[in-house]
Q: 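So that we are looking at the same thing, I have put the structure below in structure tokens.
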Amino acid sequence: EVIDIRELGKQGYFTYDPGFVSTASCTSKITFIDGKNGVLLYRGYPIDQLATKCDYLQVCYLLFKGELPTKEQYQEFVHRVKHHTLVHTQMESLFQAFRRDSHPMAVLCGVAGALSAFYHDKLDIYDPEHRELTAVRLIAKMPTLAAMSYKYSIGHPFVYPRNDLSYTANFLHMMFSTPCEEYKVNPIVEKALDRIFTLHADHEQNASTSSVRLAGSSGANPYACIAAGVASLWGPAHGGANEACLRMLEEIGSVDRIPEYIARAKDKNDPFRLFGFGHRVYKTFDPRAIVMRDTCHEVLDALHIDNNPLLKIATELEKIALNDEYFVTRHLYPNVDFYSGIILNAIGIPTSMFTVIFALARTIGWITHWNEMHTNEDFRIGRPRQVYTGKEKRDVKPFRSRN
Ligand code: ACO
């Protein structure tokens, strides 16, 4: 049920809602979540159907344009995206300014924001065509920037995009080809990664999307707003959970150590939490986690990876947590990040790139929300209020008499 309090706001009332647990900041036609029943729809289509029946670029088209593309529309869209995969050659020097061993998310945060310097003067954010071009540029360039961030972090030369490959195969090529050897893309790996992109494409007003909307609400350059999204996503309570979850599974190391970590997660004096568990909106299984778990089994089978120790620990951890009163009473279930790391690990993606991949995939969600915000009739600059708890009014004493 929605209570519209705009009239009360004009009379000077406002709500106190830390963490925006029960505050809608906008209306949106993009993504629907029913957290009680574990439902996630993009533009009305269930996430499991999109993940299994469409590729990521079809899903990008759907999110931004509102409908799935026809064959012709799809071909034209793919062609358009491929036209924009290169980044300006000056970007290469920008990378050189980062510390040699920088985390790829730190680099991505900087270089995504730097796009604003390349696309600013001629950008009219009030023109729908300019907004669409911005979306196409971002979809096309994020894989290039993401792969460059990785190559830089390991001290390897950048690999340029190959437009004869699919969107996802091209990303793998830029990640793993070297001047000495062309990486052969395994179709199983390509399909699994493409599905991971789709599962991360949008999730309504989470912290990073809200950051992009709030930054954009002032009329700021959209590429700079995307950098705000990347920054927000990085935290372990949000997109950084996939990296943290895999590191946690590695640290647990064996099934017999799970009870120790379950006890730590329940201990209120220990800041440790089970990464990949719990969600602000889902109070049952995250529907993305279900597709992710199935995909995880499919990929490991197809790649003939038997007895994966991380999967064994994850499966057992899930079983124990789902039967533990602490997790049951708090409705804590596996979220999208619980199984994604195991798939990414199995297909050879380094752990430091997990959140970068999330950012790449979520860029379409961020820019679609930014675009929608600029078309909504109820759009105003975002300006939350606060409940002041500081000192009452008092007078400044002259400096010499303060002791
Ligand atoms: N492990 C242990 N306890 C947990 C966990 C967890 N993963 N998640 C929540 N809880 C507990 C809290 O301690 C709290 O207990 P209390 O009522 O006794 O104080 C209760 O469950 C409610 O948790 P909140 O922190 O109030 O829930 P909130 O909605 O603010 O947080 C969040 C949601 C951040 C996702 C949280 O569940 C968490 O930190 N999970 C681990 C990190 C993670 O996996 N993040 C990815 C989320 S999905 C995404 O962003 C793509």
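Indexing begins at 1, ligand by ligand and atom by atom, following the structure's order.
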Q: For residues D55 and Y167, is any side-chain donor paired with an opposing acceptor at under 3.5 Å?
A: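 No, no side-chain donor-acceptor pair sits under 3.5 Å.
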
Q: If only side-chain N and O atoms count, and only distance matters, is there a donor-acceptor pair under 3.5 Å linking D17 with T23?
A: yes

Q: Return yes if a side-chain donor-acceptor contact under 3.5 Å exists between D202 and T368, otherwise no.
A: no

Q: Is it true that the side chains of R162 and N170 contain a donor and an acceptor less than 3.5 Å apart?
A: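 Result is no, nothing qualifies.
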
Q: Any carboxylate oxygen within less than 4.0 angstrom of a Lys/Arg side-chain nitrogen, looking at E132 and R80?
A: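 Salt bridge: yes.
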
Q: Ring centroid separation for F176 and H156, is it under 6.0 angstrom?
A: no

Q: Strictly under 4.0 angstrom, heavy-atom based: which residues surround ligand 1?
A: P236, A237, H238, A241, A265, K268, R273, L274, F275, G276, F277, G278, H279, R280, Y326, R330, L332, N335, V336, D337, F358

